[in-house]
Amino acid sequence: MQEKTYTFYQDVYDVARQIPKGRVTSYGAIAKYLGMARSSRMVGYAMNGAHSMVDIPAHRVVNRNGLLTGKHHFETPFRMQELLEQENIKVEEDQIIDFKELYWDPLVELKL
DNA sequence: GTGCTGACTGCAG
DNA sequence: ACTGCAGCCAGCA
């Protein structure tokens, strides 16, 4: 087999793109799905490039606390919250309400 | 090649 | 219950 010419980013984008509407996930979940649970930071870092990819709903990806840590990286810090509200997701104080209910785990949903 | 950064997470106090 | 610190790895200067 040839080495994957892809970058780690592509894998992250692929998972993020599969996040269903009205659902959210955490960086750690994606990282673990990719087999890099300890590199959850890399997921967020990778999403930095996703900013250029309109196909990547980065607003659906938050930290383990359901906090919109990456909102500051959007065009405007209010953009992320508005996008979540458009998904019928309630957000208050930059934190997702009923996060555990809206939580979408690729390990459970995609489950290799 | 070496070093720093970072949209995080988990454990200890 | 909350706060603080250390670990982790890919990408970029």
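It should be emphasised that the depicted structure is a prediction, and the values quoted were computed from it without experimental measurement. Proteins get letters first, then strands, A, B, ... in listed order; numbering begins at 1 in each.
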Discussion item. Can you tell me if A:Ser40 touches the phosphate of C:dC8, counting only side-chain N or O atoms and a distance under 4.0 Å to OP1 or OP2?
Written reply: no

Response to the item:
Walking DNA chain C from its 5' end, the first of A:Tyr9 and A:Arg41 to be reached, judged by nearest nucleotide, is A:Arg41

Discussion item. When you compare the side chain of A:Ile96 with that of A:Tyr103, does any pair of heavy atoms fall below 4.5 Å?
Written reply: no

Item to complete: Starting at atom NZ of A:Lys32, determine the distance to atom P of C:dC8, rounded to an integer number of angstrom.
Response: 17 Å

Discussion item. With no hydrogens and no angle check, just 3.5 Å: does a side-chain donor-acceptor pair link A:Gln18 and A:Asp14?
Written reply: yes

Practice prompt. Taking the side chain as every heavy atom from C-beta outward, state whether A:Gln95 and A:Leu68 have any pair of such atoms under 4.5 Å apart.
Written response: no

Discussion item. Using modelled atom types and a 3.5 Å cut-off, is there a donor and acceptor pairing between side-chain atoms of A:Arg23 and backbone atoms of A:Glu101?
Written reply: yes

Fill in: Members of residues 70-103 of chain A that approach DNA chain B, where some heavy atom sits under 4.0 Å away
A:Gly70, A:His73, A:Phe74

Worksheet item: Under a cut-off of 3.5 Å for both distances of each Watson-Crick or G-U pair, what dot-bracket string does DNA chain C give, using [ ] for crossing pairs and | for inter-strand pairs?
Response: .||||||.|||||

Discussion item. I want to check something: taking the side chain as every heavy atom from C-beta on, are A:Met80 and A:Val62 in contact at a cut-off of under 4.5 Å?
Written reply: yes

Fill in: Position toward the 5' end of DNA chain C (nearest nucleotide), A:Arg38 or A:Tyr45
A:Arg38

Worksheet item: CG of A:Asn88: more than 12 outside heavy atoms within 6.0 angstrom?
Response: no

Worksheet item: Among C:dG11, B:dG10, B:dC8, which is the nearest nucleotide to the side chain of A:Arg64?
Response: B:dG10

Worksheet entry | Options B:dT9, C:dA10, B:dA7, nucleotide nearest the side-chain atoms of A:Phe8 | C:dA10

Worksheet item: Under 4.5 Å between any side-chain heavy atoms of A:Val43 and A:Phe8, yes or no?
Response: yes

Worksheet item: Around A:Arg79, counting heavy atoms of other residues, nucleotides and ligands shown, do more than 12 lie under 6.0 Å from its CZ?
Response: no

Discussion item. Whole angstroms only, please: what is the OH-C1' distance between A:Tyr33 and B:dT9?
Written reply: 21 Å

Worksheet item: Between C:dA10 atom C1' and A:Gln10 atom CD, what is the distance in whole Å?
Response: 14 Å

Discussion item. I'd like to know whether NE2 of A:His51 has more than 12 heavy-atom contacts from other residues, nucleotides or ligands below 6.0 angstrom.
Written reply: yes

Fill in: Candidates B:dC8, C:dA10, B:dG10 - which lies nearest the side chain of A:Met36
C:dA10

Fill in: Sugar-phosphate only, base, or nothing, as touched by A:Ala31 at under 4.0 Å among non-hydrogen atoms
nothing

Discussion item. Counting the atoms with a prime plus P, OP1 and OP2 as sugar-phosphate, which does A:Asn63 contact under 4.0 Å by heavy atoms, base, sugar-phosphate, or nothing?
Written reply: sugar-phosphate

